[in-house]
Amino acid sequence: MTLQTEQASDQVETLSPTSLQGQLNRQMIIILDFGSQYSELIARRIRETQVYSEVISYRTTAEQLRQLSPKGIILSGGPNSVYDKGAPLCDPEIWNLGIPVLGVCYGMQLMVQQLGGQVTRAARAEYGKASLLIDDPTDLLTNVEEGSVMWMSHGDSCQALPEGFEILAHTENTPCAAVAHHENKLYGVQFHPEVVHSEGGLALIRNFVYHICECEPTWTTAAFVEEAIREIRAKVGDKRVLLALSGGVDSSTLAFLLHKAIGDQVTCMFIDQGFMRKGEPERLLKLFQERFHIPVEYVNACERFLTQIDGISDPEEKRRRIGHEFINVFEEESRRLGPFDYLAQGTLYPDVIESADTNVDPQTGERVAVKIKSHHNVGGLPKDLRFKLVEPLRKLFKDEVRKVGRSIGLPEEIVRRHPFPGPGLAIRIVGEVTKERLDILREADFIVRQEINQRGIYHDFWQAFAVLLPVRSVGVMGDQRTYAYPVVLRFVSSEDGMTADWSRAPYDLLETISNRIVNEVEDVNRVVYDITSKPPGTIEWE
Ligand code: XMP
């Protein structure tokens with residue numbers, strides 16, 4: 001349980017009317033969240049089996065669950081012990097719903113305790129890998145091999161099972177590693193089948209989803225697109241929608257869906273701040289206009305943004321001003337092109353689970369935007385310019401957005417693009433940003449991308465980019481002494497951007513990039529490689 005860091009959260013979306021309406025016709029597995037850091041991962045694993053899954057609060061009542069009519073319920077892990085005072089409990093009526101339940105770790109202990117078994121502190125806690133010794137290879141454990149390594153993380157253990165339960169598997173330290181009440185379709189596993197280190201974990205999840213809950217594979221990209229289009233039409237009617245296009249996979253997919261659903265009722269606005277990479281604004285416009293035949297309102301705000309940060313070298317102030325200017329331009333342009341009833345946002349499912357930035361109109365119960373979820377995440381909208389929201393991607397995880405993007409023909413370079421910060425190259429020029437410095441960095445960055453693309457190793461990196469430093473150093477070229485800028489190469493590997501390691505890039509790649517930058521980019525005479533991990537460094541330099 002030490003892996004589970006958060007308290008059981010009440011922040012997860014409780015049953016909202018939209019959630020209820022949207023799901024009634026679709027088979028789904030509900031995950032009741034008791035605060036495990038893996039709850040979201042369970043949902044993703046289920047969806048990988050092409051069955052829809054949602055994470056909701058453990059406080060959800062049996063009656064609410066009955067209304068949602070899921071095909072199965074999973075109780076997540078959590079940081080508590082079931083015998084703790086104030087430990088999160090589920091509605092005990094859940095056991096009588098006749099819906100199959102799988103308890104994972106804390107979820108299993110809760111099931112055992114609430115149904116009359118006994119859970120106590122284990123003689124020996126079990127963290128990390130353990131071999132699963134199978135007592136009943138049918139049902140939940142079909143196709144899970146004897147000795148499969150499963151990921152354990154628990155200090156408590158089941159001492160006595162409730163009536164009607166049987167042991168399906170044990171480990172050296174844990175007598176009840178997997179248990180079942182076959183007749184009532186109640187199952188529990190002490191390990192975490194959802195984590196990647198658990199061999200056969202996905203097989204177990206598939207057994208639960210397909211054999212026990214009798215689901216069918218209905219959660220597919222094509223089904224999602226069809227349903228999203230239907231929902232957009234029903235929600236928007238004949239009203240107008242504004243979409244701020246950034247060129248990333250979320251806003252591009254969103255634009256495509258909206259355009260397909262409501263045609264020219266959606267206006268796609270692309271604000272060019274002047275901080276994008278070489279050729280990107282042109283490529284984006286060409287893609288939308290020529291390939292997708294979606295008109296884009298191009299707003300050239302390059303001069304404005306540059307003026308705003310003229311002479312500013314403090315990174316936070318730079319970001320603040322860029323974010324603020326984004327809101328100004330957005331506001332002006334939306335008034336010019338409007339009026340609009342709705343703002344389309346690329347809210348994804350993890351944002352919904354965290355439900356950070358949401359505001360609900362008390363009269364209509366609808367979510368309204370008081371902030372633009374731009375890549376800057378700053379700045380509020382004026383009171384008279386608050387839009388209702390249309391968020392067709394709010395059920396999707398990032399990898400699902402990529403699948404949808406791919407299915408509608410977004411090129412791979414957008415679908416699998418490295419993360420790129422909202423303020424763009426402005427925060428990859430340390431200190432003051434000038435047009436001259438932007439041009440230098442754009443050329444250096446272009447060479448980096450060209451070389452790694454040519455070698456087909458773009459996806460070996462989480463990010464790989466160039467940074468320009470506002471200092472000059474001495475060099476020599478031919479017979480000439482030079483005094484010019486250094487460029488830093490920042491190549492990192494990472495899972496999620498929260499931590500990162502510097503990439504061990506091949507020397508010959510670095511050599512080629514360095515030679516090309518120094519020879520081809522004017523006013524650069526030195527290239528250095530950043531070998532700092534995060535922490536203590538950050539990925540970006542500002
Ligand atoms: P740091 O530099 O904090 O970056 O290690 C972590 C990840 O976040 C990206 N990043 C941003 N993304 N707006 C964004 O949308 C921003 O202002 C921003 N700043 C950093 C960064 O590229 C890395 O992937």
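Each ligand, and each atom within it, is numbered from 1 in the order the structure gives.
- Distances from ligand 1 to the non-hydrogen atoms of W462 include at least one value under 4.0 Å.
- Of the options A500, G537, P421, the smallest heavy-atom separation from atom 18 (C) of ligand 1 is shown by P421.
- Taking each of I322, D496, I539 in turn, the one with a heavy atom nearest to atom 4 (O) of ligand 1 proves to be I539.
- Residue contacts with ligand 1, taken as heavy atom pairs separated by less than 4.0 Å, involve P423 solely via side-chain atoms from C-beta onward.
- In this pair, H418 and Y458 present their aromatic rings parallel. The plane angle is below 30°, not in the 30 to 60° band.
- Across all their heavy atoms, E40 and V55 have their closest contact at CA-CG2, 4.3 Å.
- The heavy-atom pair separating L245 from S251 by the smallest distance is CD1-O, 3.5 Å.
- Residue G422 holds the heavy atom nearest to atom 14 (C) of ligand 1 of all those in G422, A426, G248.
- For ligand 1, the atoms lying closer than 4.0 Å to a non-hydrogen atom of K534 are 1 (P), 3 (O), 5 (O), 6 (C).
- In this structure, the ring of F340 has its center no less than 6.0 angstrom from the ring center of F387.
- The CG atom of L396 sits 9.0 Å away from the OG1 atom of T221 when rounded to the nearest 0.5 Å.
- In terms of heavy atoms, V404 sits closest to F224 at CG2-CD2, 3.7 Å.
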Review item, side-chain donor-acceptor pairs of residues 257-266, under 3.5 Å, at least two apart:
from, atom 1, to, atom 2, distance (Å)
Q265, NE2, G237, O, 2.9
Q265, NE2, K239, O, 2.8

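- Listed by number with element, the atoms of ligand 1 under 4.0 Å from a non-hydrogen atom of G497 are 6 (C).
- Of all atoms in ligand 1, numbered sequentially from 1 with element shown, those under 4.0 Å from a heavy atom of P419 are 24 (O).
- Nearest-heavy-atom check against atom 21 (C) of ligand 1 across E542, R319, R428, E540 picks out E540.
- The side chain of Q463, and not its backbone, has at least one atom closer than 4.0 Å to an atom of ligand 1 (non-hydrogen atoms only; side chain from C-beta on).
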